[in-house]
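Okay, structure first, notes after.
Proteins come first, then strands; the chains are lettered A, B, ... in the order of their sequence lines, and each starts at number 1. The model shown is predicted, which means the values in this text are computed figures rather than measured ones.
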There are 2 protein chains.
Amino acid sequence: MQDVWKEFEQNIITHSAAHHLTAISDLLVQNGYARVTDVARKLKITRGSASITLKTLKERGLVMEDENKFLKLSETGLSITQVIHLKRRVLTKFFKDILNVPEETANIDACKIEHLISTKTGEKLLSFMNFLLNDPKKSKNLLEEFAGFRMRCDETESCEICEIDCLLADKKLIGNIFK
Amino acid sequence: MQDVWKEFEQNIITHSAAHHLTAISDLLVQNGYARVTDVARKLKITRGSASITLKTLKERGLVMEDENKFLKLSETGLSITQVIHLKRRVLTKFFKDILNVPEETANIDACKIEHLISTKTGEKLLSFMNFLLNDPKKSKNLLEEFAGFRMRCDETESCEICEIDCLLADKKLIGNIFK
DNA sequence: AACTTTTGTTTAGGTTGCCAAACACATGGA
DNA sequence: TCCATGTGTTTGGCAACCTAAACAAAAGTT
């Protein structure tokens, strides 16, 4: 447990790199091309900054540039980008449609996490959602039940339900600290 | 969606700071005291590095030091640490007990995410787990059903179940890129 | 052709956070 | 008392990323 924390820095892709890659991908779809300036504009950073970060991504073989300075993703770059995109979709959908988190919060959380979550966990979460949403009737039922449960739960001070029940008592405390 | 990505840097607590705080908390419980050296040893970083990071945490009013250089958490520091700890517990339990992710992976993922996930999402996830694990019989049933579903799902090439079905087809691709 | 704008790069500066190494101090033997 | 060990801080380096600002080159305008 103590040794695990340094894994954070060992990610293949940093948050910044992930967004440079997805920016290129999005721009290619939306505009048909992607240049340094376009990426910078999309990410709202300076051209200088984008230029340098993209240079390292080129050196790492994730981004390629043709003779006219048009950027595209290498095969590896594309794969990584797709995986991150899939993870974001799964996370966002889970937060929004299952947990009923407000859209804006769901988007922010998914964005922060998408490049960090393991593929194993991403896959399991996907399976789980397929399982839950499998049968439209069943899923509608489940979500409604959950909504009812949440309502009752939010009213009570604490909940002696499962072994993590004690956390609920801290709810008020939690809410005041993080935005 | 494009504007959200900079939120990442705007966290109150960085990954590193979170672990310095929890290290102090753990050490206080385990040893009864926490000094710079103890934190450094626990986190496997140099004393110099811990010294500097802890200095900024002191300046931010999250960590306090008595006349004998013994560290403790301020009230705010303690609250933040508790919240992060709660989030980690909820996430780990969800990954491990619901999604059936291997323990090591669950720990790593929770560790990477704990300081990033919003309290809103954390709370909803907690409610959801309370809901699912509410009734022991029901939950046992649900988890077994899910296990069966997963098995059937893993065998097929794709799954035309919900709107995110297309992701499953990419499973092989996903597995090869991220460790 | 001359001027303006756009583009990509580079340089200098700032921040966070790591390491290695040097220091200053204190404490605990021998 | 002298020396070894442990502790906390500081310094110089490095890496990732950001900004601001200066430039050269290309492209568009009049």
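- Judged by distance alone, with hydrogens and angles left aside, the side-chain atoms of A/K87 form a donor-acceptor pair with the main-chain N or O of A/I117 at under 3.5 Å.
- Protein chain B contacts DNA chain D from D/dT7 to D/dT19, reading 5' to 3' and using non-hydrogen atoms of the protein with a distance under 4.0 Å.
- Side-chain N/O atoms of B/S49 include none lying less than 4.0 angstrom from OP1 or OP2 on C/dG17.
- Rounded to an integer number of Å, the gap from CG of B/N11 to C1' of C/dT16 is 14 Å.
- Backbone-only contact: A/S16 has heavy atoms under 4.0 Å from sugar-phosphate atoms and none from a base.
- For the pair A/Y33/A/D38, a side-chain contact is recorded, criterion being any heavy-atom separation below 4.5 Å from C-beta on.
- Checking C/dT9, C/dC19, C/dC18 against every side-chain atom of B/T53, the shortest atom distance belongs to C/dC18.
- At least one side-chain heavy atom of B/V39 sits less than 4.5 Å from a side-chain heavy atom of B/H20.
- Residue A/K69 has a polar side-chain atom (N or O) positioned under 4.0 Å from OP1 or OP2 of C/dT9.
- Contact between the side-chain N/O atoms of A/S51 and the OP1/OP2 oxygens of C/dT9 is found at a separation under 4.0 Å.
- Residue A/I45 contributes atom CD1, which lies 13 Å from atom P of C/dT9 at whole-angstrom precision.
- Side-chain heavy atoms closer than 4.5 Å link hydrophobic residues (I, L, V, M, F, W, Y) into clusters, and following such links, even through other members, never connects B/L27 to B/M64.
- Environment of NZ in A/K58: crowded, with over 12 heavy atoms of neighbouring residues, nucleotides or ligands closer than 6.0 Å.
- Put simply, NE2 on B/H20 is 9 Å from C1' on C/dG17, counting in whole angstrom units.
- Inter-residue side-chain proximity for B/S16 and B/T53 is flagged as met; some heavy-atom pair is nearer than 4.5 Å.
- Scanning residues 31-39 of chain B for heavy-atom distances under 4.0 Å to DNA chain C yields an empty list.
- Looking at heavy atoms from C-beta onward, B/H19 lies in side-chain contact with B/C111 at the 4.5 angstrom threshold.
- Taking atom CD of residue A/E67 and atom P of nucleotide C/dT7, one finds them 18 Å apart after rounding to whole Å.
- Note on A/T56: nothing from the nucleic acid sits closer than 4.0 angstrom, heavy atoms only.
- B/T46 has no side-chain polar atom (N or O) that falls below the 4.0 Å cut-off from OP1 or OP2 of C/dC18.
- The aromatic rings of B/F128 and A/F146 lie perpendicular to each other, with more than 60° between the two planes, well past the 30° mark.
- Here C/dA24 presents its C1' atom at 12 Å from CZ of B/R47, a figure rounded to the nearest Å.
- Within the model, atoms CD1 of A/I24 and CG of A/L43 stand 9.0 Å from one another, a figure rounded to the nearest 0.5 Å.
- The nearest whole Å value for the distance from the NZ atom in A/K55 to the P atom in C/dT9 is 8 Å.
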